[in-house]
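Before we start, here is the structure in question, set down as structure tokens.
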Amino acid sequence: WEQAGIALPGYDVEAVSEKAKEEPGWVHFGIGNIFRVFIGGIADGLLEEGVLDRGITCVETFDYDVVDKIYKPYDNLGLNVILHGDGTREYKVLGALAEAVKAQSSDPAQWNRLKEIFAGKSLQMVSFTITEKGYCIDPATGKLDPTHPRIIHDLENPTLPQSAPGILVEALARRRERGLPPFTVLSCDNIPDNGHVVKNAVLGMAEKRSPALADWIADNVSFPGTMVDRIVPAATPESLAEIAAVLGV
């Protein structure tokens, strides 16, 4: 690995993964390229510094194949390749992605695991990179879109939600019922006033379920605004060939 110029994790990957599985602290929805490399890279750096003591729990709400094709076959590890302005590349194996779960209510094993995660007292934050459409907001009003197929489904089946707002509200409702502290909801999508967007989506869903639940969420849940402007392009055959030639693999 050293001869190939690839840095390996300086922390115990298995230990931080097990810690996350036993006591999840940070859950992320939308586990594609930008998450794995940019946000996963931040978590990797925090693990290297000793600021974090566990990895991220990765949850996919839409493209379930990502879990089966990109996470599980590679033990949730990834190779972060950074192309610098001078043309040089930096390589690092990321070990911050502890577990990959499908938010698929039709799969009992996956759904029960997700419920376990959200029932954990240790959970502090749920973050998102699900693109603007993932919040099911009506662009004209800025409010939850009641005509969206997933929202219609979730209002009829609140304990088996399919949308991100529906899953969040169900998770928060369960924590409220059990007397557990809420978690911070952090959108990392590059959309204007993203904290307000996700808050509108969650409160819009909660109000349709229970005004008391909506009031509890409004009083207790934090929806910070963020500014994220990063790109993580998909690898091309040409870039893979060039990297392979350099690494000899």
Side-chain angles (χ1 to χ4, degrees), residues 1-85 87-103 113 117 122-131 186-190 226 228-236 239-249:
W1 293 91
E2 288 178 1
Q3 288 177 357
I6 301 173
L8 297 177
Y11 49 87
D12 187 328
V13 173
E14 187 174 341
V16 300
S17 295
E18 285 304 311
K19 179 77 170 176
K21 291 174 185 175
E22 294 169 6
E23 299 178 77
W26 177 2
V27 171
H28 186 90
F29 279 69
I31 55 177
N33 283 349
I34 194 167
F35 162 69
R36 287 197 299 276
V37 174
F38 177 55
I39 298 171
I42 290 173
D44 177 78
L46 294 174
L47 285 164
E48 294 284 10
E49 294 171 23
V51 176
L52 275 182
D53 65 353
R54 70 202 76 186
I56 306 176
T57 304
C58 313
V59 178
E60 182 55 43
T61 59
F62 182 70
D63 186 5
Y64 302 129
D65 280 352
V66 168
V67 174
D68 296 325
K69 294 180 178 179
I70 297 177
Y71 282 78
K72 288 186 178 178
Y74 306 103
D75 299 324
N76 302 326
L77 296 169
L79 178 64
N80 182 5
V81 182
I82 299 176
L83 177 62
H84 293 290
T88 60
R89 287 189 174 89
E90 181 182 339
Y91 304 94
K92 173 71 159 62
V93 173
L94 303 182
L97 312 180
E99 179 182 13
V101 181
K102 304 172 189 176
R113 177 58 187 146
I117 291 164
S122 55
L123 183 59
Q124 296 181 328
M125 181 170 74
V126 179
S127 54
F128 295 85
T129 48
I130 56 174
T131 75
L186 183 73
S187 172
C188 299
D189 284 295
N190 193 14
T226 67
V228 179
D229 185 12
R230 286 288 183 273
I231 59 169
V232 182
T236 64
S239 67
L240 288 174
E242 189 175 343
I243 293 169
V246 172
L247 299 183
V249 295

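The structure displayed is predicted, hence computed values, not measured ones.
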### Message
For Lys21 versus Arg113, what's the shortest heavy-atom pair and its separation?
### Response
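Closest pair (atom of Lys21, atom of Arg113, distance): O-NH2, 3.0 Å.
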
#### Entry: CG-CG distance between Asp68 and Asp63, expressed to the nearest 0.5 angstrom
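Output value for this atom pair is 10.0 Å.
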
### Query
Rounded to the nearest 0.5 Å, what separation is found between the CG atom of Asp189 and the CD1 atom of Ile130?
6.0 Å

### Query
What's the shortest heavy-atom distance between Ala103 and Val59, and which atoms?
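Distance-wise, the nearest heavy atoms are CB-CG1, 3.7 Å.
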
### Task
Look at the side chain of Glu60 and the backbone N and O of Ala100, then say whether any donor-acceptor pair between them is shorter than 3.5 Å.
no

### Task
Answer yes or no: is there a side-chain heavy-atom contact under 4.5 Å between Phe62 and Thr131?
no

### Query
Are any non-hydrogen side-chain atoms of Val16 and Leu52 less than 4.5 angstrom apart?
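Side-chain contact under 4.5 Å: no.
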
#### Entry: Side chain proximity check, Cys58 to His28, heavy atoms < 4.5 angstrom
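No, side chains not in contact.
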
### Message
What's the separation between atom CD1 in Ile31 and atom CD1 in Ile39, rounded to the nearest 0.5 Å?
### Response
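Interatomic distance, Ile31 CD1 to Ile39 CD1, rounded to 0.5 Å: 12.0 Å.
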
### Task
For the residue pair Tyr11 and Asp44, establish whether any side-chain heavy-atom pair is separated by less than 4.5 Å.
yes

### Query
Can you tell me if OH on Tyr71 sees more than 12 non-hydrogen neighbours from other groups inside 6.0 Å?
yes

### Query
How many angstroms lie between atom CZ of Phe35 and atom OG of Ser127, to the nearest 0.5 angstrom?
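Output value for this atom pair is 6.5 Å.
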
### Task
Supply the atom-to-atom distance Trp26 CH2 to Ile56 CD1, rounded to the nearest 0.5 angstrom.
4.0 Å

### Message
If we ignore hydrogens and angles and just use 3.5 Å, is the side chain of Ser17 paired with the main-chain N or O of Glu99 as donor and acceptor?
### Response
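No, because the side chain of Ser17 does not come within donor-acceptor range (under 3.5 Å) of the backbone of Glu99.
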
### Query
Can you check whether Ala98's main-chain N or O pairs, donor with acceptor, with Asn76's side chain at less than 3.5 Å?
yes

### Task
Taking all non-hydrogen atoms of both residues into account, name the closest pair between Ala96 and Ala43 and its distance.
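Distance-wise, the nearest heavy atoms are CB-CB, 3.8 Å.
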
### Query
Which distance, rounded to the nearest 0.5 Å, do you find between the CG of Leu77 and the CD1 of Ile70?
13.5 Å

### Query
Does Ser122 use its side chain to pair, donor to acceptor, with the backbone of Pro24 at less than 3.5 Å?
yes

#### Entry: For Arg36, the option from Leu94, Val66, Leu79, Thr129 that meets side-chain contact (heavy atoms from CB on, under 4.5 Å)
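Of the listed residues Leu94, Val66, Leu79, Thr129, the side-chain contact (heavy atoms from CB on, under 4.5 Å) partner of Arg36 is Val66.
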
